[in-house]
Amino acid sequence: MDNIITNLYGILKETSNLIEAEDRIRNYMYEVFALLMGDVFSQINQVIKEQKQSEGWTVERTDNKTVQFTFGFVTFRHTLMKDAKGKNHYPLDEWLGLRKRQRKSPLAEVKVAELASKLDYRTVANTLNQWTAVNISHTTVGSIVKQVGMAQEQEDHEMVKKLEEASELPEKKKVNYLFAEADGIFVRGTKKKQGIEVHHSIIYEGWEINGKRVSLKNPKVIMTTQPISTFWDEVQMMAANHYSLEQTQVVTNSDGGKGYTPDKFQDAFSQSELPVLNQLDSYHVYQGLNRAMGAKASKYKSAVRKAIKEHNRDEFTLWLDTYESTLEDPQKIKKTKEFRKYILGNWERIFDWREKVENLPDIARGLGGMESNQRHISFRMKK
């Protein structure tokens, strides 16, 4: 400790301002802590080695391993040993949970992946280099993202497999209401004219209000580029591993696109003994209205909107027919027909869930949290 204090005092004397001093002190702290952790890991290695020797394992060699943690590079001794069957092990690495040839700590990898979900790879590398002891390139960021993604994907597959093989569902949290939304978003691939669909679902228990801010209660997100069937298996797994839904009213929301139809939600939440409500996403309804009739206000548009809101099919058809009769542009006529088909094809799903159930929760809001949550993908990956 005295040596550390002396070195800190020396840094303060050698620097001309507090900014420079703090920067050097921070780096010194990283170095000291990394050195101490290296000693700790080496001592643990010695204990594990002796324990394994008592079990009949033999020592092959002891060498150094360096792993980058968020507080710096940690170098420690680890021993290669053979078990009773002649298989090679690094017992310390296995005890720490380090993969073969892993050079970044699990926390460092997770933090890199979390940042990369919001920032481009170069910005992630620069941010980490500036604010932590993690010194990596943008290409390494990309590699880590893939590794973390593969690990998450493997865990998801294992959970789905366990659910399929289970003789009965585990007893989990019981809730009166559970809300789920799902949609897909297309992003560009790395090759020309290549697109990738990200299947995206969010499951939540309702809403919480903090001052003027409203947030989703206990949200759980599933995102994957795997086939749509795998996506829905993961949605079902997520629900079953967190909730006992037998008496839960499940309320769902989607745009009704291919792969996100009511039957998919019904299957995913089939644990519930109550009918799963699925409403057509209002954002997509009025987005379709704007595409068909333009963004500007008009008497036709107002009347069609009112008919949809009041669920008056005759008025909807009448006003849309009247509007279509005023059109001459074939493209506008086509858009109007597509909008009519979309609305009438999903007419029974156009409702507000709050009008369909009794005993509403204290905070009952309209659904539509998916669009804002899609920004995790669109802001990071679109274009």
Side-chain angles (χ1 to χ4, degrees), residues 1-52 59-81 88-152:
M1 179 61 73
D2 290 341
N3 189 46
I4 293 175
I5 294 174
T6 300
N7 289 335
L8 291 175
Y9 181 70
I11 290 173
L12 290 171
K13 283 185 64 178
E14 294 167 5
T15 50
S16 58
N17 57 71
L18 192 56
I19 293 177
E20 182 185 355
E22 184 177 352
D23 189 48
R24 286 188 55 184
I25 289 171
R26 181 181 57 132
N27 290 331
Y28 175 65
M29 288 168 56
Y30 287 148
E31 292 173 6
V32 170
F33 203 77
L35 186 64
L36 292 173
M37 286 305 301
D39 289 341
V40 170
F41 287 157
S42 296
Q43 291 176 29
I44 293 174
N45 176 71
Q46 182 64 28
V47 173
I48 294 176
K49 182 183 74 171
E50 293 173 0
Q51 179 184 341
K52 293 299 182 183
V59 174
E60 293 295 300
R61 68 173 184 271
T62 298
D63 46 29
N64 288 337
K65 182 180 180 72
T66 300
V67 176
Q68 187 173 45
F69 287 76
T70 55
F71 47 80
F73 288 96
V74 176
T75 300
F76 53 90
R77 305 283 284 170
H78 68 159
T79 302
L80 178 65
M81 304 185 73
N88 288 331
H89 299 265
Y90 277 106
L92 175 64
D93 295 28
E94 294 174 0
W95 185 79
L96 292 173
L98 294 174
R99 303 185 307 272
K100 187 177 181 180
R101 289 187 289 276
Q102 184 174 351
R103 292 293 180 262
K104 302 287 186 298
S105 74
L107 179 61
E109 291 183 340
V110 167
K111 292 303 179 184
V112 168
E114 287 177 350
L115 278 176
S117 71
K118 302 176 178 65
L119 306 169
D120 64 81
Y121 293 169
R122 289 186 185 276
T123 304
V124 170
N126 292 335
T127 300
L128 290 170
N129 293 344
Q130 288 288 329
W131 288 97
T132 73
V134 179
N135 195 333
I136 58 176
S137 66
H138 69 280
T139 54
T140 303
V141 172
S143 298
I144 290 174
V145 168
K146 290 179 182 178
Q147 291 170 5
V148 173
M150 289 171 64
Q152 181 64 60

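Worth saying up front: this structure is predicted, and the values here are computed from it rather than measured.
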query = By salt bridge (Lys or Arg N to Asp or Glu O under 4.0 Å), which residues pair with E50, not counting sequence neighbours?
reply = none
request  = Can you run down the side-chain hydrogen bond (donor to acceptor under 3.5 Å, both in side chains) pairs that involve residues 32-43, sequence neighbours left out, and say none if there aren't any?
outcome  = none
note = One should read off an interatomic distance between R61 CZ and M81 CE, to the nearest 0.5 angstrom, of 13.0 Å
message = How long is the straight-line distance from CD of E94 back to NZ of K100, given to the nearest 0.5 Å?
response = 11.5 Å
remark   = Sorted by chain and number, sequence neighbours left out, side chain to side chain contact (heavy atoms under 4.5 Å, CB included) with T140 holds for K104, I136, S137, I144
ask   = Which atom pair, heavy atoms only, marks the closest approach of R99 to Q102?
value = N-OE1, 2.7 Å
inquiry  = How about CE on M29, more than 12 heavy atoms from neighbouring residues, nucleotides or ligands closer than 6.0 Å, or not?
reply    = no
request  = Mind listing the closest non-hydrogen atom pair of A113 and V145 along with its distance?
outcome  = CA-CG2, 4.2 Å
query = Taking only residues two or more places apart in sequence, or in another chain, which ones meet H138 in a side chain to side chain contact (heavy atoms under 4.5 Å, CB included)?
reply = Y121, R122
key: Minimal non-hydrogen separation, I4 against Y28, with atom names   = CA-OH, 3.6 Å
key: With sequence neighbours excluded, residues passing salt bridge (Lys or Arg N to Asp or Glu O under 4.0 Å) with E114   = K111
ask   = To the nearest 0.5 Å, what is the distance between CG (D93) and CD1 (I48)?
value = 9.5 Å
Side-chain donor/acceptor of N45 to backbone N/O of T79, under 3.5 Å = yes
ask   = Do any pairs count as a salt bridge (charged side-chain N to carboxylate O under 4.0 Å, His left out) and have a residue in residues 26-35, sequence neighbours left out, and if so which ones?
value = D23-R26
message = List the residues meeting side chain to side chain contact (heavy atoms under 4.5 Å, CB included) with N126, not counting sequence neighbours, and say none if there are none.
response = none
task = Inspect the surroundings of CD in E22 and state if more than 12 heavy atoms from other residues, nucleotides or ligands are less than 6.0 Å away.
result = no
request  = With F41 as reference, evaluate W95, F76, Y90 under the ring-ring contact (aromatic ring centres under 6.0 Å, His included) test and give the passing residue.
outcome  = F76
request  = Might you point out which heavy atoms bring M37 and V74 nearest each other, and give the distance in Å?
outcome  = C-CG1, 3.9 Å
key: For K52, all residues meeting side chain to side chain donor-acceptor pair (under 3.5 Å), sequence neighbours excluded   = none
key: Residues in salt bridge (Lys or Arg N to Asp or Glu O under 4.0 Å) contact with R103, at least two apart in sequence or another chain   = none
ask   = Where do L92 and L98 land on the side chain to side chain contact (heavy atoms under 4.5 Å, CB included) test, with the steps shown first?
value = CA-CA 9 Å; L92 175 64; L98 294 174; over 6 Å; no
Pairing residues for T123 by the side chain to side chain contact (heavy atoms under 4.5 Å, CB included) criterion, not counting sequence neighbours = L119, D120, T127
request  = For G72 and A133, work out which heavy atoms get closest and say how close.
outcome  = N-CB, 3.4 Å
request  = Quick one: list whatever passes ring-ring contact (aromatic ring centres under 6.0 Å, His included) with F33, sequence neighbours left out.
outcome  = F71
request  = Decide yes or no on side chain to side chain contact (heavy atoms under 4.5 Å, CB included) for L80 and D63, but give the supporting numbers first.
outcome  = CA-CA 8 Å; L80 178 65; D63 46 29; 5.7 Å; no
key: Pairing residues for R24 by the side chain to side chain donor-acceptor pair (under 3.5 Å) criterion, not counting sequence neighbours   = E14
Contact summary for S105 and T70, nearest pair of heavy atoms = OG-N, 4.3 Å
